[in-house]
Amino acid sequence: MAETWADLDVPLSAPVREALRELGFEHATPVQLATIPLFMSNKDVVAEAVTGSGKTLAFVIPLLEILLRREEKLSKMQIGAIIVTPTRELAVQIEEVLQHFTRHTPQFSQILLIGGNNPLGDIKKLQENGANIVIATPGRLEDLFTRRKDGLDLAGCARSLEILVLDEADRLLEMGFEASINTILGYLPKQRRTGLFSATQTQEVEELVRAGLRNPVHISVREKGQTADCTRRTPALLDNYYMVCKAEDKFNQLVAFLKARQNEKHLVFFSTCACVEYFGKALEEFLQGTTVLLLHGKMKRKRNRTFATFRKMTSGVLVCTDVMARGVDIPEVHWVLQFDPPSCAKAFVHRCGRTARIGHRGCALLFLMPMEDAYVQFLANNQKCPLQEMEVQAEVPDVLPRLRTVALGDRAMLDKSLRAFVSFIQAYNKHECNLLFRIKDLDFGGLARGFALLRLPWMPELRDRPVPDFEPEIMDLNTIQYKDKHRECQRQDQLSEQARKEEESRDNGGEVEKKRDLARIRRRNSQNAVPWSKQKRRRERRKKRIAKRTAEDMLGLDGDADLDELIRDTRLLKRLKRGKISREEFEEQIEGDVQSSKNSQ
Ligand SMILES: Nc1ncnc2c1ncn2[C@@H]1O[C@H](COP(=O)(O)OP(=O)(O)OP(=O)(O)O)[C@@H](O)[C@H]1O
């Protein structure tokens, strides 16, 4: 019989029990049963349990119980607890879960400190309302701790801190967040309880020590039905598949797969933001009648709204990057599709874990190219993630010609396809398992066809690499216009400016040629007037001037007397060539210039 909250070794307070009743959570999950008593009894905990197993309440409940049990009540400006999590979406989600509880504990105020809005707004809120419980992303929290001006002393507020929670701790302790986390930890009192939570927990002792844990209790909750020796890192109710298909077939397979399941809800992971932008737009084209949403880390305003919208949908597709891989709790995701393998094996576990949560069934499918199939064994060994093979779908329609037509009709799609391809190759190069995912093994022609490219992009990885089996469009791609009239006008202006500059540089090239003519004319005319040594010095001076001028031209600096001289000489030569002035007049004026430039030196 599943354990009820009353079976916990420690009694829960009335407000917490009331909140659980409202949520309809009659039973505690295993990780909650294991963690809550320990965290409440002054222990530092390192908790690991599969995705979707209730880790959020495993720290929210003890956090509140500890604050409720304080002898000295927290004043408005005293921070009693801080929860740090890697992404805004996760912080928003945790704040919402916490609100279910703090509406029953009005004595505690909470605040969300995340990027994407003006930090001065956060400072104002903190100064006016204070905060007893902070939910934050690392960058913004670090910023607010380190700010001295603006009259905020967050470190002072945190002197009363009792609990620090690092959610998705292994991610927070990885490179990329290390500096922010170290800075934040430097501002916190050592006397506190610290809890680390993740489905792929760090076991590195030095990382635990760095996070300030003193003899922590390790909690590792295995999936039901798994014998002790056979650990499994994904939920028991997750059916996990992989499909091996050629680079040029992957998108066709994805479209056919989604078309066959349009009344369900799916997440589709890509490796880069540019791929999300491109293939997300492409899926909109082919999945008529299905809502396709895009979400990635480079989005500014729409990110929160898109996340909130998708959570409420009962069917549709969210095309995303790994910003959605960890922690986000989206009800009823039927399939998690990984169009590209993640950059690291742990991300694989988290991506799959967006489905099959808290006792629901779910399915995941990883697309692999033939030369990537060793990844299946790697996942089984390294991440304890056994995968079943799914055959490629037979006779799927080839949508790539239509995708190329979309790019032929809108330059924005052409740009997206090239950016997506370049970003994919660059991301591929940085894969953690670079022994399994090697650039040199990539079928560039098949990939280019699979991206429905009209031409190959200019990029270093292709510089000395022929791609004979890719047929570029045999048209001038410059004739492809943006559908967006404003953008097309801008492009036309840039093209005209570019043409003018090319004309000018051709003239300038002619200028240098003309200049040489001038020098020859001068030398001939003044052959006996200037001794050879002087001629040589003049040549040296002229070389230096042209070299200096070229540098300034390259630097785009305004011209100086020499440049003016070159321009004047050019004009004179043009007038000579057009017969506007005689050779004598020309040479007089040129000589005059030489004379005047000599005077000015
Ligand atoms: N005791 C419970 N009874 C029923 N449902 C619960 C219980 N605890 C949590 N849940 C629900 O289970 C879902 C998953 O919870 P949560 O997001 O905390 O999982 P998690 O372990 O943090 O997952 P991840 O590793 O992906 O972050 C949520 O929808 C949550 O509301």
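Here the structure is a predicted model, which is why all the values come from computation and not from measurement. Whatever order the structure lists ligands and atoms in, that order sets their numbers, starting from 1.
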When you measure from atom 21 (O) of ligand 1 to every protein heavy atom, which one gives the shortest distance, and what is it?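 Result: Lys55 NZ, 2.7 Å.
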
Looking at Glu174 and Lys346, is there a salt bridge between them, counting it only when a charged N and a carboxylate O are closer than 4.0 Å?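 Here Lys346 pairs with Glu174 in a salt bridge, since their nearest N and O are under 4.0 Å apart.
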
Which ligand 1 atoms, with their elements, are less than 4.0 angstrom from a heavy-atom of [X]?
X	answer
His27	1 (N), 2 (C), 3 (N)
Ser53	19 (O), 20 (P), 21 (O)
Thr56	16 (P), 17 (O), 18 (O), 22 (O)
Val50	21 (O)

When you compare ligand 1 with [X], is there at least one nitrogen or oxygen pair between them that comes in under 3.5 angstrom?
X	value
Trp5	no
Gly353	no
Ile358	no

Answer with side chain, backbone, both or neither: which part of [X] has a heavy atom less than 4.0 angstrom from an atom of ligand 1?
X	result
Arg354	side chain
Phe59	neither
Gln32	side chain

For the residue pair Phe197 and Asp170, establish whether any side-chain heavy-atom pair is separated by less than 4.5 Å.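 The answer is no, as the side chains (C-beta and beyond) never meet within the 4.5 Å cut-off.
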
Candidate list Thr51, Thr200, Asp322, Thr234, test side-chain hydrogen bond (donor to acceptor under 3.5 Å, both in side chains), partner His350, passing option: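 So, applying the side-chain hydrogen bond (donor to acceptor under 3.5 Å, both in side chains) to His350 and each of Thr51, Thr200, Asp322, Thr234, only Thr200 qualifies.
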
A cation-pi test, strictly: NZ or CZ of Arg17 under 6.0 Å from the centre of the six-membered ring of Trp5 and no more than 45 degrees from its axis. Yes or no?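 Not flagged: Arg17 not positioned over aromatic ring of Trp5.
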
Report the residue from Thr194, Ile163, Leu63 that forms a side chain to side chain contact (heavy atoms under 4.5 Å, CB included) with Phe39.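 The side chain to side chain contact (heavy atoms under 4.5 Å, CB included) with Phe39 is passed solely by Ile163 among Thr194, Ile163, Leu63.
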
